[in-house]
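Worksheet: one structure, shown below.
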Amino acid sequence: MKLVKFTLLAIFALGAYLLLWPVAIDPVAWQAPKATGYVGPWASNNALADLDLLSLGGHHGPEDFALRDDGVIATATHSGDIMLLAPKSNEFKTWVSTGGRPLGIEYDLQGNLLVADAMKGLLSISPNGDISLVTNQVDDADIVYADDVDVAQNGMVYFSDATSKFSASQFGGTLPASLLEIMEHKGNGRLLQYNPNTAETRVLLEGLVFANGVAVSHDQRSVLINETGSYRVLRYWLKGPKAGKVDTLIDNLPGFPDNIARSPSGGYWLGFASPRAKSIDDLSQSPFLRKMIQRLPSFLQPTGKDYGHVIKIAENGEVLMDLQDPSGAYPFTTGVLETVDALYISSLTANAVGRRPL
């Protein structure tokens, strides 16, 4: 009889926990677009397999790249170190550390390296390695999760605040914080603009579900931004009759879009950190269940899958190239840097940089 009472009490306690225990997210219902699978323009292939691997000297997570005028390639790592690859070298060397989690990087017109640091805000690193804060506030509120950055030809800086609610420092790192934003799906992400002439930071676009990669268009008339949690790329117009408005460039993508970057040969490179998860899509209209799942141990919650996947899209969103590695040997591919002789592939978790000769 005691065993029965204990069992019933345990079941009641577990039920109460799954129903009532406070969690960080307040999910909302949404309609996930029906995934088409790896068919059509996404047909499975092995074009990204067997990459050359460039050492990071024990570091991991080369999230993004920036190309200097002299051919030196910079990357940002999980440890906080900014590392450099000299021309004709096969190993990245540590340059400086931000002391945070640097993500997107880009050189400005003065040769300073701008860094979107998820824990520090938007930083600038001078050619001699001095680090300074550019901005970590907008409208008298903190920039919570600076993610990616790009610079227009007029010097204007565009960067993303992936989520204004879930900070990487408070919620256990960039990946756990990103998962909270995606599971909640309220749209706490923003596209921001920094004017170096006035030192003013302002919000251009908000309501994004994990605002991620940022790229100024080739013609400088718009900014592209990846909305990771909604599987799409948006275009925010800077000039012309649509100035201040936003269009969808491409949607219903097969994975979670991460970085986006201009290709010197035209178009844009886009990386997928992971394929879409059916469990997340199936729960899109069930905020109550998503809240219950958040109370489960982390190993029982939805997670990403190792899968290499990058694409190149045209100015109108047409898929021009699709490079995959279903084995996930080089996992969580976040983006591409195209040079005259190779494609450099970034990753959220890998302990090397992938290179594919052209």
Side-chain angles (χ1 to χ4, degrees), residues 35-67 71-79 81 83-94 103-105 175 212-213 226 253-277 303-314 318-358:
T36 59
Y38 285 91
V39 297
W42 321 119
S44 182
N45 63 73
N46 294 293
L48 203 63
D50 301 321
L51 294 173
D52 298 334
L53 298 180
L54 308 183
S55 172
L56 288 169
H59 295 273
H60 72 283
E63 166 75 18
D64 192 22
F65 302 117
L67 181 63
V72 171
I73 297 173
T75 191
T77 64
H78 195 277
S79 66
D81 282 10
M83 307 189 75
L84 304 178
L85 178 74
K88 300 182 179 180
S89 173
N90 289 318
E91 184 175 359
F92 282 81
K93 302 291 186 181
T94 296
L103 297 173
I105 56 177
L175 182 57
N212 208 325
N226 291 351
L253 292 165
F256 293 95
D258 201 302
N259 293 338
I260 188 168
R262 288 182 302 280
S263 163
S265 56
Y268 306 88
W269 284 104
L270 173 69
F272 295 108
S274 177
R276 286 167 62 166
T303 186
K305 175 186 176 183
D306 289 352
Y307 195 105
H309 195 183
V310 300
I311 64 172
K312 185 178 182 181
I313 60 174
E318 177 190 358
V319 179
L320 301 175
M321 294 181 67
D322 182 279
L323 311 177
Q324 300 181 34
D325 179 14
S327 76
Y330 191 79
F332 287 87
T333 44
T334 54
V336 178
L337 169 69
E338 179 183 340
T339 67
V340 294
D341 57 1
L343 300 179
Y344 292 83
I345 315 298
S346 54
S347 168
L348 192 66
T349 60
N351 59 7
V353 166
R355 181 173 63 189
R356 181 179 187 269
L358 290 175

Please step through side-chain contact (heavy atoms from CB on, under 4.5 Å) for the pair Asn226 and Asp258, ending with a clear verdict.
-> CA-CA 7 Å; Asn226 291 351; Asp258 201 302; 5.6 Å; no
Going through the distances and angles, do Phe92 and Ile73 end up as a side-chain contact (heavy atoms from CB on, under 4.5 Å)?
-> CA-CA 9 Å; Phe92 282 81; Ile73 297 173; 4.3 Å; yes
Report the C-alpha separation of Lys305 and Ser274 in whole Å, then their side-chain angles, then the decisive distance to 0.1 Å, and conclude whether the side-chain contact (heavy atoms from CB on, under 4.5 Å) test is met.
-> CA-CA 6 Å; Lys305 175 186 176 183; Ser274 177; 4.2 Å; yes
I would like to know whether Tyr344 and Val336 meet side-chain contact (heavy atoms from CB on, under 4.5 Å); could you show each step before the answer?
-> CA-CA 6 Å; Tyr344 292 83; Val336 178; over 6 Å; no
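Taking CG from Leu54 and OG from Ser89, the interatomic distance works out to 8.0 Å, rounded to the nearest 0.5 Å. Separation of atoms CG (Leu48) and CE (Met321) is listed at 10.0 Å; rounding is to 0.5 Å. To the nearest 0.5 Å, atoms CG (Asp64) and OG (Ser347) are separated by 12.0 Å.
A donor-acceptor pair under 3.5 Å is formed between the side chain of Tyr330 and the backbone N or O of Ala352. Side chain of Gln324 to backbone of Ala43: a donor-acceptor contact under 3.5 angstrom is found.
For the pair Leu56/Pro62, a side-chain contact is recorded, criterion being any heavy-atom separation below 4.5 Å from C-beta on. Between Asn351 and His59, the closest side-chain pair of non-hydrogen atoms is not below 4.5 Å. The side-chain heavy atoms of Lys312 and Glu338, taken from C-beta on, include a pair separated by under 4.5 Å. Between Leu85 and Thr75 the shortest side-chain heavy-atom distance does not fall below 4.5 Å. Using a 4.5 Å heavy-atom threshold, the side chains of Phe65 and Val353 count as touching. Inter-residue side-chain proximity for Met83 and Thr77 is flagged as met; some heavy-atom pair is nearer than 4.5 Å. Here the side chains of Asp52 and Pro357 are in contact, with some heavy-atom distance below 4.5 Å. Taking the side chain as every heavy atom from C-beta outward, Leu270 and Leu253 approach each other to under 4.5 Å.
Minimum interatomic distance between Ala76 and Leu103 (heavy atoms only, all atoms of both residues): CB-O, 3.6 Å. Of all non-hydrogen atoms in Tyr307 and Ser44, the two that sit nearest each other are OH-OG, 3.9 Å. Here the shortest heavy-atom pairing between Ala277 and Phe256 reads N-CE1, 4.1 Å. The minimum heavy-atom distance linking Arg356 with Leu51 is given by the pair CB-CD2, 3.7 Å. Between Pro331 and Thr349 the shortest heavy-atom distance is CG-OG1, 3.6 Å.
One side chain, Thr334 or Ser346, offers a donor N or O that lies under 3.5 Å from an acceptor on the other.
Not counting sequence neighbours, the partners of Pro254 by the side-chain contact (heavy atoms from CB on, under 4.5 Å) test are Tyr38, Trp42, Phe272, His309.
Atom CG of Asn45 has more than 12 neighbouring heavy atoms from other residues, nucleotides or ligands inside a 6.0 Å radius.
A side-chain contact (heavy atoms from CB on, under 4.5 Å) with Trp269 is found for exactly one of Ile345, Ile313, Leu337, Leu323, namely Leu323.
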